[in-house]
Number of protein chains: 2
Amino acid sequence: MLSKSTKYALKAVLFLAVNSSENSKVMVKDIAKPINVPQAYIAKLLQKLSKENIISSSRGPKGGFYLSEGDRQHSVLSIIIAIEGEKKLTNCLLNLKKCNEFKPCPLHNKISSIRSELLQSFGEMKIDELSQEIKAAQAFLPL
Amino acid sequence: MLSKSTKYALKAVLFLAVNSSENSKVMVKDIAKPINVPQAYIAKLLQKLSKENIISSSRGPKGGFYLSEGDRQHSVLSIIIAIEGEKKLTNCLLNLKKCNEFKPCPLHNKISSIRSELLQSFGEMKIDELSQEIKAAQAFLPL
DNA sequence: GACAAAACATGATAATAATCATATTTCGGA
DNA sequence: TCCGAAATATGATTATTATCATGTTTTGTC
């Protein structure tokens, strides 16, 4: 459903949401281990997220990755899109290029409403909100 | 969302639903071209579907693939599962092995209802029904 | 029963996604 | 202003998925 990279990225961002701030940055190696993702790989993903302004970073000593207040307002959807692009989420279930609302493939109508619900739901999930839930121990981030 | 293989398989089955019957079987090469999928590849997928009893086949001259009446009662879900396995559809959005209802990851609750709606929807879509819609030109299967 | 037409089976290659490795740039602190 | 700690950039390797190729078995027809 979501690619491995996207899942990694989401875990990393949630980890940062809970464990970082403007004046308490976290280095890659201190992110990789707790979320159980290969360090070099998550490093690449973090750089991508940083370039897309989903997360913040600073170089040099005392540097690292963190979420600014603004970053915390991003949605899960924006992370998914940053990593795997918009098309994966929205193109036809059967990969029919000509499938659309007016000339739908057989699956189109049946799932289009559910799909847009799902997308909307991803769009409404803000990082900030999710991290609150983790902090309140209503949600968990193990392994 | 769905793998390429799954999309190919779905197209092929729908094609058979519309263009085959017990006494009018279709050879791989006559399936591959209209649904625009590499012949050798769809051949492999068809064999798998046949082995899983999603579609029917017979060898030798006058042989080919087709859907029996029983085959037509299968759901889209059963095809997805036959090709990519059950786990892909049901495991945690973040790949957390320990994520479950009682100790949910932050995304779990938010999408679990939508996800089960989607699965249910896939489960309710019967091949027969979809092919009716194609025949009635309420749905289309181009490219 | 021999032949040829089809699915079936198996393995090889190519493309893409995931993982690893290393060199370069930036920046705080002595 | 120089050193080292960090992100950044780039490329190489591995694993997985998709694609291609070729040989084997079954079965209808003559």
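Numbers restart at 1 for each chain; the letters A, B, ... are given by sequence-line order, proteins then strands.
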Worksheet entry | Near-strand residues of residues 16-31 of chain B, defined as heavy-atom separation under 4.0 angstrom from DNA chain D | none

Minimum heavy-atom distance [X]-[Y], with the two atoms named:
X	Y	result
A:Lys126	A:Ser75	NZ-CB, 4.0 Å
A:Ile42	A:Ala32	CG2-CB, 3.9 Å
A:Leu45	A:Ala9	CD1-N, 4.4 Å

Worksheet entry | Any B:Leu130 side-chain heavy atom under 4.5 Å of A:Lys110 side chain |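 Answer yes - side chains close enough.
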
Once you round it to whole Å, what is the distance between [atom2] of [N] and [atom1] of [X]?
X	N	atom1	atom2	value
B:Gln39	D:dA21	CD	C1'	12 Å
A:Leu2	C:dA18	CG	P	11 Å
B:Tyr66	C:dA7	OH	C1'	12 Å

Practice prompt. Using the test side chain to side chain donor-acceptor pair (under 3.5 Å), find all partners of B:Ser57 that sit at least two apart in sequence or belong to another chain.
Written response: B:Ser50

Practice prompt. Give, ordered by number, those residues of residues 41-65 of chain A having at least one heavy-atom distance below 4.0 Å to an atom of DNA chain C; if nothing qualifies, reply none.
Written response: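 Nucleic-acid contacts, sorted: A:Tyr41, A:Lys44, A:Arg59, A:Gly60, A:Pro61.
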
Discussion item. Would you say B:Tyr8 places a side-chain N or O within less than 4.0 Å of OP1 or OP2 belonging to D:dT19?
Written reply: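 Checking B:Tyr8 against D:dT19: at least one side-chain N or O falls below 4.0 Å of OP1 or OP2.
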
Worksheet entry | Donor-acceptor under 3.5 Å (A:Ser116 side chain, A:Ser112 main chain) | yes

Discussion item. Tell me whether A:Ser20 contacts the main-chain N or O of A:Leu67 through its side chain, where contact means a donor paired with an acceptor under 3.5 Å.
Written reply: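 Yes.
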
Worksheet item: Strictly by modelled atom types, are B:Ser58 and B:Tyr66 linked by a side-chain donor-acceptor pair under 3.5 Å?
Response: no

